[in-house]
Amino acid sequence: MDTGFDPDGRLTFEVNLPNSYTRADGQAFRDGFLDRIRQLSSVETAAAVNMRPVGGGNVVMSLIPVGETMESFGGAISADWRMITEDYFQVMGLNLVQGRDLTHELPEMREDGTPPPLDVVVSRSLAAAVWPGEDAVGKQAQLWVTPDRVGTVVGVVEDMRERGPDQDERMAVYFTYTVGAWSPVHFVVHTTGEPRAILPTVRAILAEVDSDVPLSRVQTMDEMIGNSMAARRFTMTLLAVFAGVALVLALAGLYGVIADSVSQRAQELGIRVALGASPQEVVELVVGQGMRPALLGIGVGLVVALALSGVLRSLLFGVADTDLVTYAAVGGMLAFATLVACWLPTRAVLKLDPVKVLREE
């Protein structure tokens, strides 16, 4: 599944800033800490974001284009918003498809204390939803549907599955950190080797920058993806085990019943051979008679399974609940078990002396 981002070689962790940090303190800490990490030889780049990517918390805004009202636009568009530092798109492997990246200069507040206009980068799906069929770069939107919170689109990036690989892509708005002391700060580091190998060095750097700031929730991005899928994986593994046991029991039962019925026809088959039937004719007879009811039962089972497939629809991802390959494989296994159950006992009977078979009660 294309998640929109690249998880390989990425280490994530978070840092909780002290309450005493001012807006300038927060910016100085992020910039200084990231500069030190980027200087490591095993680091490609590093960035910070206000919410942990992949399965983290969600902060959502509503927005409409500048010049529109809620009534004229038909309602606001809901999107995730992320405050990011320099190199965030590079460290996540998100491709910029239009426009430019953010300048990442901390905007100055206006004299009246209101926030200044923001340069923003939006996801491809958000650009299409707000400005369908138009070039989104240069367009403006009322962020949080507030006239004095205007965002100017400077770029468009690919969508990403922000809430996990099994969830749809999220519409998103990205802009430079405007809240200097936002806490916790989530860091993502792109390494050239094993991500966790740099962790002791990162802890040492953090202690030098501010020894009172704790580092926590360390995970590789691959681990984060695995954790986001853990509940679904457990459920599907449990169902797969039960389904596997059921299939084995069905195969064993089908083989046992048909093989036993063929063995009970030993005298009949002996008579047929004694009267001149060839072994091939006997095999074809038994296989034909055994396969007909089995195939009918398999067909009825497949129809019932298709009818009940909607029960599993919420648990499936990346495969349809009417996946023909799955149904064909299961039906084929049952048909093959029937064929073997007909063929093997028949071949065993044909190897016996017809005279001895006819004398047996």
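All residue numbers refer to positions in the sequence shown, counting from 1.
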Discussion item. Run the side chain to side chain contact (heavy atoms under 4.5 Å, CB included) test on Val189 and Ile198 for me, step by step, so that the C-alpha distance in whole Å, both residues' side-chain angles and the decisive distance to 0.1 Å come before the verdict.
Written reply: CA-CA 9 Å; Val189 183; Ile198 68 166; 3.6 Å; yes
Item to complete: Kindly determine whether Phe33 and Val185 satisfy side chain to side chain contact (heavy atoms under 4.5 Å, CB included), including the steps that lead there.
Response: CA-CA 11 Å; Phe33 187 41; Val185 181; over 6 Å; no
Item to complete: Check the pair Leu40 / Ile205 against side chain to side chain contact (heavy atoms under 4.5 Å, CB included), numbers first and verdict last.
Response: CA-CA 10 Å; Leu40 299 177; Ile205 292 174; 4.2 Å; yes
Worksheet item: Where do Arg38 and Asp87 land on the salt bridge (Lys or Arg N to Asp or Glu O under 4.0 Å) test, with the steps shown first?
Response: CA-CA 10 Å; Arg38 289 170 184 148; Asp87 290 345; 3.8 Å; yes
Worksheet item: So Arg233 and Thr237, side chain to side chain contact (heavy atoms under 4.5 Å, CB included) or not? Walk me through it.
Response: CA-CA 6 Å; Arg233 185 179 294 111; Thr237 300; 4.0 Å; yes
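Counting heavy atoms from C-beta outward, Arg149 and Met61 have side chains that stay 4.5 Å or more apart. For the pair Val156/Val121, no side-chain contact is recorded, criterion being any heavy-atom separation below 4.5 Å from C-beta on. Met83 has its side chain out of reach of Thr176: every pair of non-hydrogen atoms, C-beta onward, lies at least 4.5 Å apart. A 4.5 Å side-chain heavy-atom check between Leu215 and Leu199 finds at least one atom pair inside the cut-off. Contact of the Leu17 side chain with the Pro184 side chain is not registered, since no non-hydrogen atoms from C-beta on lie closer than 4.5 Å. Side-chain contact check for Asn227 versus Gln219: some heavy-atom pair is nearer than 4.5 Å. Contact of the Thr192 side chain with the Val43 side chain is not registered, since no non-hydrogen atoms from C-beta on lie closer than 4.5 Å. Side-chain contact between Met51 and Trp182: present, with at least one pair of heavy atoms (C-beta onward) separated by less than 4.5 Å.
Counting only residues at least two apart or on different chains, the side chain to side chain donor-acceptor pair (under 3.5 Å) pairs with a member in residues 195-210 are Tyr21-Asp210, Arg36-Glu208, Arg196-Glu223. Sorted pairs that involve residues 228-278 and meet ring pair (Phe, Tyr, Trp, His ring centres under 6.0 Å), not counting sequence neighbours, are lacking altogether.
In this structure, Asp101 CG and Leu94 CG are separated by 10.5 Å, a value rounded to the nearest 0.5 Å. Atom OG of Ser309 and atom CG of Leu302 lie 11.5 Å apart (nearest 0.5 Å). Atom-to-atom distance recorded for Ile37:CD1 and His190:NE2 is 14.5 Å, nearest 0.5 angstrom. Met171 CE to Ile77 CD1: the interatomic distance, rounded to the nearest 0.5 Å, is 5.5 Å. Note that the OG atom of Ser125 and the CD atom of Glu169 stand 7.0 Å from one another [nearest 0.5 Å]. Remark: Leu118 CG to Gln140 CD distance equals 11.0 Å, nearest 0.5 Å.
Asn16 and Ser216 get closest at one heavy-atom pair: ND2-OG, 3.9 Å. Taking both residues in full, the closest heavy atoms of Val15 and Val213 are given as CG1-CG1, 2.7 Å, listed atom of the first, atom of the second, then distance. Contact detail for Pro7 and Ile225: the closest heavy-atom pair is CB-CD1, 3.7 Å. For the pair Phe5 and Arg161, the tightest heavy-atom approach, listed with the atom from each and the gap, is CE2-O, 3.8 Å. Across every non-hydrogen atom of Leu63 and Leu143, the tightest pair is CB-CA, 4.4 Å. When all heavy atoms of Leu11 and Pro195 are compared, the pair lying nearest together is CD2-O, 3.7 Å.
No donor-acceptor pair closer than 3.5 Å links the side chain of Ser62 to the backbone N or O of Trp144. With hydrogens and angles ignored, the 3.5 Å screen pairs a side-chain donor or acceptor of Asp25 with a backbone N or O of Thr22. In terms of modelled atom types and a separation under 3.5 Å, the side chain of Tyr177 and the main chain of Asn50 share a donor-acceptor contact. Not one N or O on the side chain of Ser123 forms a donor-acceptor pair closer than 3.5 Å with the backbone of Asp159. Not a single donor-acceptor pair under 3.5 Å links the side chain of Ser72 to the backbone N or O of Glu68. Looking only at distances, no side-chain donor or acceptor of Thr346 sits under 3.5 Å from a matching main-chain atom of Val283. Side chain of Thr326 to main chain of Thr322: no donor-acceptor pair is present (N/O by atom type, distance under 3.5 Å, no hydrogens or angles). Using modelled atom types, no side-chain atom of Glu284 and backbone atom of Glu281 make a donor-acceptor pair closer than 3.5 Å. Judged by distance alone, the side chain of Arg10 and the main-chain N or O of Asp8 form a donor-acceptor pair under 3.5 Å.
Below 30°, between 30° and 60°, or above 60°: for Phe13 and Phe187 the angle between ring planes is below 30°, a parallel geometry.
Within a 6.0 Å radius of CG in Leu308, more than 12 heavy atoms belonging to other residues, nucleotides or ligands are found. Met333 CE: 12 or fewer foreign heavy atoms inside a 6.0 Å radius.
A donor-acceptor contact closer than 3.5 angstrom is absent between the side chains of Thr152 and Asp119. With hydrogens and angles left out, the side-chain atoms of Gln142 and Thr146 include no donor and acceptor closer than 3.5 Å. Side-chain atoms of Asp35 and Gln39 form no donor-acceptor pair, as typed in the model, at a separation below 3.5 Å.
Linking Ile, Leu, Val, Met, Phe, Trp and Tyr residues whenever their side-chain heavy atoms come within less than 4.5 Å leaves Val60 and Tyr174 in two separate clusters. By the criterion of side-chain heavy atoms lying less than 4.5 angstrom apart, applied directly or through intervening Ile, Leu, Val, Met, Phe, Trp or Tyr residues, Leu295 is grouped together with Leu306 in one hydrophobic cluster. Cluster annotation: Leu344 is not connected to Leu285 through the hydrophobic network of ILVMFWY side chains, with a link wherever side-chain heavy atoms come within less than 4.5 Å. Connection of Val257 to Ile298 is not established within any shared hydrophobic cluster, with ILVMFWY side chains joined at heavy-atom distances below 4.5 Å, either directly or through further cluster members.
Considering only residues two or more places apart in sequence or on other chains, Phe175 meets the ring pair (Phe, Tyr, Trp, His ring centres under 6.0 Å) condition with Trp81. Judged as a salt bridge (Lys or Arg N to Asp or Glu O under 4.0 Å), and not counting sequence neighbours, Glu86 has no contacts.
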Which donor-acceptor pairs under 3.5 Å do the side chains of residues 130-137 make with protein atoms, sequence neighbours left out?
| from | atom 1 | to | atom 2 | distance (Å) |
| --- | --- | --- | --- | --- |
| Asp135 | OD1 | Gln98 | NE2 | 2.2 |
| Asp135 | OD1 | Val137 | N | 3.1 |
| Asp135 | OD2 | Gln98 | NE2 | 3.3 |

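Val150 shares a hydrophobic cluster with Val66; the chain of contacts runs through ILVMFWY side chains whose heavy atoms sit under 4.5 Å apart.
With respect to Arg170 and Asp80, a salt bridge is recorded, a charged nitrogen being found less than 4.0 Å from a carboxylate O.
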